[in-house]
Number of protein chains: 2
Amino acid sequence: MAEIIIDRKQQIQLVAQNLFRTKGYGASSMRDIAKEVGIEAASLYNHFSSKEDLLKEICFGMANHFFTSIEPIEKKKFSAKQKLEKMIECHVAVIVSNIDASSVFFHEWKHLKEPFLGEFKSLRNKYEKKFIQIINEGFEQKLFRKVDVKIVSFTIFSALNATYDLYKPNGKLSAKDISKNISDIIINGLKPTN
Amino acid sequence: MAEIIIDRKQQIQLVAQNLFRTKGYGASSMRDIAKEVGIEAASLYNHFSSKEDLLKEICFGMANHFFTSIEPIEKKKFSAKQKLEKMIECHVAVIVSNIDASSVFFHEWKHLKEPFLGEFKSLRNKYEKKFIQIINEGFEQKLFRKVDVKIVSFTIFSALNATYDLYKPNGKLSAKDISKNISDIIINGLKPTN
DNA sequence: ATATTTGACTAACGAACGTTAGTTATTTTA
DNA sequence: TAAAATAACTAACGTTCGTTAGTCAAATAT
């Protein structure tokens with residue numbers, strides 16, 4: 001049984017992620033976080049400059065994960081369909097290996113203040129555009145039936161971004177099961193093939 | 001121009017819905033709500049017994065809307081496919097005509113305390129089961145390709161329940177556009193028909 | 001070995017929170 | 001018309017909040 005050593009800063013962030021997810025940012029106090037870690041609230045400020053700083057680290061850390069995970073795929077010479085499937089797979093993989101942080105990324109970012117709020121939104125937008133571009137390529141190459149691209153990307157993200165609620169670490173469904181099924185539903189629909 | 005008369009209680013709830021949606025339940029104070037209404041915080045207690053009472057009214061009011069909207073469909077003799085399409089349409093219609101309240105219903109319910117929290121969850125579950133049942137009927141009648149029912153219902157709800165973010169009162173997309181497209185994507189997928 | 005940095009502590013600040021009590025003018029009911 | 005209910009107000013309560021200041025022992029660097 002290998003002991004996993006993590007430093008205090010990381011430990012605090014993990015606790016904060018979990019509390020922000022389960023209770024929400026506003027309802028999680030610095031004292032709550034400190035108690036869970038086993039130190040005093042004031043000691044948190046030796047590691048993070050403010051409560052918002054904690055939120056910032058979580059949100060931008062996740063943004064970074066999402067971007068780097070799809071980077072290799074963008075460079076490859078896949079078809080739009082293959083690319084979309086792979087990107088969906090990566091996206092879900094990032095989510096399920098960061099369940100708490102993902103939930104915070106999706107729901108608590110709005111408590112960021114400027115300038116981070118604007119910066120965050122623009123990052124999010126940039127990421128979504130990468131998916132929209134691939135879907136548009138799929139239309140051009142006649143790989144996809146023509147439907148409203150905004151609604152398609154929206155449907156995909158809505159489904160993907162809720163997977164942190166569907167995936168249970170010791171459940172039946174693996175990350176690959178989930179991403180495979182969602183890709184499949186979006187691309188093939190529910191209609192029988194005959 | 002007909003003047004719309006609403007009573008104080010209703011006005012307070014509308015303001016609260018909007019604040020809870022935009023700032024979150026925890027970050028919205030009774031003083032915030034009161035200021036927006038134009039009265040003092042203490043006066044809110046002439047209409048609602050507590051802050052949680054406000055949240056409760058919003059959440060359970062929406063639950064009621066969702067249930068009653070699909071009631072007529074359940075009784076009709078439609079095919080599973082037709083039923084699913086109609087239920088999706090109703091669900092989206094309820095959302096877009098209650099944008100703020102929907103957002104609260106989907107994201108802020110977790111701030112309810114027992115016994116309302118449990119009651120809420122069980123209502124939500126009961127509602128989702130109605131969709132799952134229809135999807136299962138679709139499988140039995142070979143109207144739908146066999147895929148994991150849990151993931152299908154999850155994908156549908158994720159997409160539908162995010163529509164409060166997609167729909168803009170004066171935007172291009174109508175409620176029907178949105179529900180029609182989402183139904184279409186889920187049922188037919190992106191694959192070309194040829 | 002000495003100096004410095006780190007990371008914990010206690011104590012406390014001012015602000016904001018949900019809520020209650022008590023009062024009063026207006027509106028509705030009997 | 002008198003009585004009762006309604007809905008607003010001011011003032012204040014106890015609590016919790018994020019955060020800062022100041023202290024001190026242990027770990028690290030010189």
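Residue numbering restarts at 1 for every chain, and letters A, B, ... go by the order of the sequence lines. Heavy-atom basis, side chains included; hydrogens, waters and symmetry copies ignored.
Taking side-chain N and O atoms only, His47(A) has no distance below 4.0 Å to OP1 or OP2 of dT6(C). Considering only side-chain N and O atoms, Ser43(B) lies under 4.0 angstrom from the phosphate OP1 or OP2 of dC9(D). OP1 and OP2 of dT6(D) both lie 4.0 Å or more from every side-chain N or O belonging to Arg8(B).
If you run ring-ring contact (aromatic ring centres under 6.0 Å, His included) between Trp109(B) and each of Phe60(B), Phe120(B), Tyr25(B), only Phe120(B) comes through.
Atom-to-atom, NZ of Lys35(A) to C1' of dA8(C) comes out at 18 Å; the value is rounded to the nearest Å. The nearest whole Å value for the distance from the CG atom in Asp7(B) to the P atom in dA8(D) is 10 Å. For the pair Glu40(B) CD and dC9(D) C1', the computed distance is 7 Å after rounding to whole Å. Put simply, CG on Asn46(A) is 14 Å from C1' on dA26(D), counting in whole angstrom units. One atom, CG of Leu44(A), and another, C1' of dT6(C), lie 15 Å apart when rounded to the nearest Å. In this structure, Lys9(B) atom NZ and dA7(D) atom P are separated by 10 Å, rounded to whole Å. Rounded to whole angstrom, the span from the NE2 atom of His111(A) across to the C1' atom of dC17(D) amounts to 15 Å. Between Ile39(A) atom CD1 and dT10(C) atom P the separation is 12 Å, expressed in whole Å.
A salt bridge links Asp184(B) with Arg145(A): the distance from a Lys NZ or Arg NE/NH1/NH2 to an Asp or Glu carboxylate oxygen falls below 4.0 Å.
Between His91(A) and Phe157(A), the angle of the ring planes goes over 60°, which puts this pair in the perpendicular group of the 30/60° scheme.
Between Ser174(A) and Asp177(A), the side chains place a donor N or O and an acceptor N or O closer than 3.5 Å (distance only, hydrogens not considered). Side-chain polar atoms of His47(B) and Asp7(B) form no donor-acceptor pair below 3.5 angstrom. A donor atom on one side chain and an acceptor atom on the other are not found under 3.5 Å apart for Ser43(B) and Asn46(B).
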Protein within reach of the bases, or only the backbone? For nucleotides 15-28 of chain C, mark each nucleotide 5' to 3' as B, S or -, using heavy atoms under 4.0 Å. --BBBBB-------

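Every residue two or more places apart in sequence or in another chain that forms a side-chain hydrogen bond (donor to acceptor under 3.5 Å, both in side chains) with Gln133(A) is listed here: Glu137(A).
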